[in-house]
Amino acid sequence: MEASALTSPSRSILSKPSSFRFLSHSISPKQVSFSKTWEKRINVASVKVMAISHNGSEPIQPVDDSINPRVKSVKPSKTMAISDHATALVQAGVPVIRLAAGEPDFDTPAAIAEAGINAIREGQTRYTPNTGTMELRKAICHKLKEENGLDYAPDQIMVSNGAKQCALQAVLAVCSPGDEVLIPAPFYVSYPEMARLADAEPIILPTDISDNFLLKPEILASKINKKSRLLILCSPSNPTGSVYPKELLEQIADIVRKHPRLLVLSDEIYEHIIFSPAKHISIASLPGMYDRTLTINGFSKTFAMTGWRLGYLAGPKHFLSACAKLQSQNTSGASSISQKAGLAALNLGYAGGEAVTTMVKAFRERRDFLVKSFRELPGVKISEPQGAFYLFIDFSSHYGSEVEGFGVINDSESLCRFLLDKAQVALVPGDAFGDDRCIRISYAASLTTLEAAMNRIKDAMALLKPPVTV
């Protein structure tokens with residue numbers, strides 16, 4: 001601790017700095033006496049600074065800075081870290097093109113924004129029921145029945161501060177210590193960490209780019225055992241953009257139904273950002289899956305409402321009650337203003353109406369441009385995404401290449417550092433998603449921005465030596 005902090009006028013206990021002296025050097029265990037309890041919890045050798053009473057009384061014990069082991073096991077989000085770093089560079093005047101964040105570049109549609117503004121003006125700014133307003137939950141029920149073929153009552157819906165909160169609370173509610181959570185890779189970065197927070201073990205199921213990163217039923221069947229509690233599916237997928245066809249979902253459902261303990265968490269947040277002829281299917285709508293599926297959705301991606309923080313969970317009442325109990329002791333209900341905006345979003349029409357159709361058309365044009373452009377690069381493998389707004393591209397044939405002034409590119413992280421350094425384009429390394437062969441590119445940016453980024457990437461990749469052959 002710095003001396004200036006200890007002499008702050010606001011700290012009455014330290015109002016007389018003359019009665020204290022400071023030891024800035026390291027203190028050995030023999031120099032300080034601790035109680036047995038503290039000896040077990042603190043590594044005395046690491047103590048650098050202590051305040052000792054001038055009259056020679058007992059030393060002030062250092063603060064126990066230990067962290068919950070479960071929290072320590074959680075990895076920080078690499079997508080957030082890279083996005084924050086890229087933003088800092090831009091604010092410092094570096095012309096970085098940011099293609100790391102999973103956020104639509106469109107403004108929230110005007111009708112939705114106006115509904116939020118009106119909520120403020122009309123004084124609808126107080127707490128709402130823990131699981132969401134009745135009018136919004138009824139609207140979500142209508143949406144799920146009309147668009148997904150799922151029949152839920154309002155008490156089977158929980159509105160939260162984003163789909164991520166819904167997913168975490170679902171994992172915490174259904175998983176016990178020692179349970180296993182089955183997660184196909186590539187995966188959304190938070191899924192394994194959610195399992196760890198529940199003291200469950202994430203079991204990663206491999207997929208391959210040759211199969212469009214879709215889970216093979218035989219791989220799933222081989223990994224299920226008595227500890228298997230939850231299978232997490234994301235379709236359309238972050239980070240790959242892959243969409244599970246109905247036939248494959250039916251095969252997966254056939255396997256899941258054979259195991260009474262096994263539930264499915266279906267993350268459908270990118271549901272309406274999908275490119276024809278691909279079609280979205282909710283696995284809960286398949287025979288025998290309704291009672292064992294927790295469906296996650298929200299407003300962030302489809303309606304460009306990331307900052308409004310609004311998502312929802314639908315499922316069997318027993319599980320919803322458990323999730324609601326967690327939420328009641330955590331954040332309580334979502335923002336009243338955001339819920340009014342969410343209601344307006346669902347009133348735009350089937351699948352979001354014209355506003356969403358316009359956004360999806362733009363995403364498709366951007367996808368087509370990037371797919372064509374990257375296919376022109378040597379040594380690159382692509383699975384053409386059918387939804388969401390990401391490309392997950394295999395650059396592994398370039399690993400081992402050396403770049404003058406940079407060094408060796410030996411994995412996805414060093415490749416992304418190279419592209420940030422030489423091309424000033426921010427991307428996300430695939431190891432964050434469980435596949436180090438690839439990097440993720442978000443095309444939630446204007447076509448002009450993507451064209452500029454592509455030119456920079458091509459120029460940077462030309463610096464790689466030796467040249468790559470396929």
Are any side-chain N or O atoms of [X] and backbone N or O atoms of [Y], one a donor and one an acceptor, separated by less than 3.5 Å?
X: Ser285; Y: Leu150; answer: no
X: Asp435; Y: Asp431; answer: no
X: Thr358; Y: Glu354; answer: yes
X: Glu402; Y: Val408; answer: no
X: Arg364; Y: Met359; answer: no
X: Asn238; Y: Gly102; answer: no
X: Ser328; Y: Lys325; answer: yes
X: Asn297; Y: Tyr312; answer: no
X: Arg70; Y: Ala198; answer: no
X: Arg437; Y: Asp394; answer: no

Restricting to non-hydrogen atoms, name the atom on [X] and the atom on [Y] that form the minimum distance, rounded to 0.1 Å.
X: Ala173; Y: Ala322; result: CB-CB, 3.9 Å
X: Val243; Y: Leu214; result: O-CD2, 3.9 Å
X: Gly315; Y: Leu320; result: N-CD2, 3.3 Å
X: Ser266; Y: Thr293; result: CB-CG2, 4.2 Å
X: Asp179; Y: Ser176; result: OD2-N, 2.8 Å
X: Arg261; Y: Arg229; result: O-NH1, 2.8 Å

So Tyr188 and Lys164, side-chain hydrogen bond (donor to acceptor under 3.5 Å, both in side chains) or not? Walk me through it. CA-CA 10 Å; Tyr188 174 52; Lys164 184 185 287 189; 3.2 Å; yes
Taking the side chain as everything from C-beta on, heavy atoms only, tell me whether [X] gets closer than 4.5 Å to [Y].
X: Pro429; Y: Asp411; value: no
X: Tyr244; Y: Leu233; value: yes
X: Leu182; Y: Ile232; value: no
X: Leu205; Y: Ile183; value: no
X: Val425; Y: Leu99; value: yes
X: Leu197; Y: Leu168; value: yes
X: Val380; Y: Phe395; value: yes
X: Tyr443; Y: Pro385; value: yes

Any side-chain donor-acceptor pair under 3.5 Å between [X] and [Y]?
X: Asn212; Y: Ser383; answer: yes
X: Gln124; Y: Ser336; answer: no
X: Gln327; Y: Ser160; answer: yes
X: His280; Y: Glu147; answer: no
X: Thr207; Y: Asp211; answer: no
X: Glu268; Y: Ser282; answer: yes
X: Tyr350; Y: Lys143; answer: no
X: Thr87; Y: Arg98; answer: yes
X: Trp308; Y: Ser300; answer: no
X: Tyr290; Y: Asp151; answer: no
X: Gln165; Y: Thr331; answer: yes
X: Glu271; Y: Asn148; answer: yes

Before giving the answer on ring pair (Phe, Tyr, Trp, His ring centres under 6.0 Å), spell out for Phe418 and Phe406 the whole-Å C-alpha distance, their side-chain angles and the decisive distance to 0.1 Å. CA-CA 7 Å; Phe418 163 70; Phe406 178 83; 5.5 Å; yes
Should the pair [X]-[Y] be classified as a salt bridge under the 4.0 Å nitrogen-to-oxygen rule?
X: Lys138; Y: Glu135; answer: no
X: Asp105; Y: Arg366; answer: yes
X: Glu114; Y: Arg121; answer: yes
X: Lys458; Y: Glu376; answer: yes

Can Thr128 and Gln339 be said to form a side-chain hydrogen bond (donor to acceptor under 3.5 Å, both in side chains), step by step? CA-CA 9 Å; Thr128 70; Gln339 291 189 62; 2.9 Å; yes
Knowing that exactly one of Ile283, Leu263, Leu230 qualifies, which makes a side chain to side chain contact (heavy atoms under 4.5 Å, CB included) with Arg292?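 It is Leu263; the other options fail the test.
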For residues Phe106 and Phe363, establish whether the separation of their ring centroids is below 6.0 Å.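 Ring-ring flag for Phe106/Phe363: true, centres closer than 6.0 Å.
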Sub-6.0 Å ring centroid separation between Tyr270 and Tyr390: yes
Under the rule for salt bridge (Lys or Arg N to Asp or Glu O under 4.0 Å), what residues qualify as partners of Arg367, not counting sequence neighbours? Glu384
Could you please spell out the steps behind the side-chain contact (heavy atoms from CB on, under 4.5 Å) verdict for Met194 and Leu265? CA-CA 12 Å; Met194 291 176 181; Leu265 181 67; 5.8 Å; no
Spatial distance of atom [atom1] ([X]) from atom [atom2] ([Y]) [nearest 0.5 Å]:
X: Arg456; Y: Asp459; atom1: CZ; atom2: CG; value: 10.0 Å
X: Gln156; Y: Leu144; atom1: CD; atom2: CG; value: 10.0 Å
X: Lys223; Y: Ile203; atom1: NZ; atom2: CD1; value: 7.5 Å
X: Ile439; Y: His398; atom1: CD1; atom2: NE2; value: 9.5 Å
X: Leu370; Y: Glu451; atom1: CG; atom2: CD; value: 9.5 Å

Lys75 and Glu193: side-chain contact (heavy atoms from CB on, under 4.5 Å), yes or no, with the steps? CA-CA 7 Å; Lys75 301 174 184 176; Glu193 312 315 316; 3.9 Å; yes
Step by step, would you call Tyr127 with Ser335 a side-chain contact (heavy atoms from CB on, under 4.5 Å)? CA-CA 7 Å; Tyr127 289 136; Ser335 162; over 6 Å; no
So Leu231 and Leu220, side-chain contact (heavy atoms from CB on, under 4.5 Å) or not? Walk me through it. CA-CA 9 Å; Leu231 167 65; Leu220 171 61; 4.1 Å; yes
